[in-house]
Number of protein chains: 2
Amino acid sequence: MVSLQAMRLAQDGVLTSNCPSRVVLDHLTSKWGVLVLSALADGTLRWGELRREVDGISEKMLAATLRTFEADGLVHREAYPEIPPRVEYSLTALGREAAEALGPLLRFAVEHAEEIVG
Amino acid sequence: MVSLQAMRLAQDGVLTSNCPSRVVLDHLTSKWGVLVLSALADGTLRWGELRREVDGISEKMLAATLRTFEADGLVHREAYPEIPPRVEYSLTALGREAAEALGPLLRFAVEHAEEIVG
DNA sequence: CCACCAACTTACCAGAAGGTGGGTACTCTC
DNA sequence: GAGAGTACCCACCTTCTGGTAAGTTGGTGG
């Protein structure tokens, strides 16, 4: 099942303009969403590690993306009340599913980048 | 292979801020990119059909998205010099690969929409 | 006493994304 | 001869995205 039409056979009216799946799609395909989720795909990372892992992201955007995903239940935030502060981010079960769904997309982008940009 | 780190083991420096794969990712995850590609996933569609299929898209954005994908070699545009004009859009082989890569993402969004938005 | 660390937040601002409403060209129908 | 249908393009304007830079907190090292 890959096409819009096929999905609509299974569930009528899905992915229309006011369908909740559109919101989920928007969050996942936000500028930094794919990258942040993929960075967390193989384990817990601290704030600073994430910032280094996702090359080019600003602090503001990292915070915003993480907040969205936390509210969506895709990312778990664990704060340790130490000095200096330490906060660890990891994927929830749902987040891991999302990351897996993004895998093929990431692979396609990497494999065909030269071909397409050229 | 799902994570950033895993992809970087295979290819160093991939998906950094000036990597071509970032551009491809941006095109595919543009607001209407996923929807347009998925709409074309099971066959050729005319301009008007696409507009109806991708609920909520404006003419301007449909044109822009199609132009980008045509330039990227993902979409084929076939114009028939008839009256009234007829233009058919379809996926290239590369475009079909892209659509397949987007399938899991689409499915995840639909399946977990209620869970996440709620 | 001052700077520094982490992990943020906030204010400000530029530029891009994207919507609206118009126009085009041609012909066929009413 | 008025209107509809098709596949667009263009100018204008608004909204939103996202970057930069500064401030915050509470201790700790120099």
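In what follows, every chain begins at residue 1, and chains take the letters A, B, ... in the order their sequences are listed. In this text, all values refer to a predicted model and were calculated from it rather than measured experimentally.
- Backbone-only contact: A:Tyr89 has heavy atoms under 4.0 Å from sugar-phosphate atoms and none from a base.
- Side-chain contact check for B:Met61 versus B:Lys31: every heavy-atom pair is 4.5 Å or farther apart.
- Evaluation of the salt bridge (Lys or Arg N to Asp or Glu O under 4.0 Å) rule for A:Glu49 yields no partner, not counting sequence neighbours.
- At whole-Å resolution of the value, CE in A:Met61 and P in D:dA21 are 16 Å apart.
- For DNA chain C, the span of nucleotides reached by chain A at under 4.0 Å from its heavy atoms goes, 5' to 3', from C:dA6 to C:dC12.
- Distance alone, capped at 3.5 Å, places no donor-acceptor pair between the A:Arg96 side chain and the A:Ala41 backbone.
- Looking at B:Leu74 and B:Leu28, their side chains come closer than 4.5 Å, going by heavy atoms from C-beta outward.
- In this structure the side chain of B:Leu15 reaches within 4.5 angstrom of the side chain of A:Leu35, judged on heavy atoms.
- Under a hydrophobic clustering in which Ile, Leu, Val, Met, Phe, Trp and Tyr are joined whenever their side-chain heavy atoms come within less than 4.5 Å, directly or via other members, A:Leu91 and B:Val2 fall into different clusters.
- Taking a cutoff of 4.0 Å between a charged side-chain nitrogen and a carboxylate oxygen, B:Arg8 and A:Glu53 qualify as a salt bridge.
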Under 3.5 Å, which N/O atoms of the protein pair with N/O atoms of nucleotides 25-30 of chain D?
none

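- Residues meeting the side chain to side chain donor-acceptor pair (under 3.5 Å) test with A:Glu88, sequence neighbours left out: A:Tyr80, A:Arg86.
- The backbone N or O of A:Ser17 lies less than 3.5 Å from a partner atom in the side chain of B:Asp55, making a donor-acceptor pair.
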Which atom pairs, one a donor and one an acceptor, fall under 3.5 Å between side chains of residues 104-118 of chain A and the rest of the protein, sequence neighbours left out?
unit_1	atom_1	unit_2	atom_2	d
A:Arg107	NE	B:Met1	O	3.4
A:Arg107	NH2	B:Met1	O	3.1
A:His112	ND1	A:Phe108	O	3.2
A:His112	NE2	B:Glu97	OE1	3.4

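- OP1 or OP2 of D:dC8 has not a single side-chain nitrogen or oxygen of B:Arg86 nearer than 4.0 Å.
- For the segment residues 28-60 of chain A, residues with any heavy atom less than 4.0 angstrom from an atom of DNA chain D are, sorted by number, A:Lys31, A:Trp32, A:Ser58, A:Lys60.
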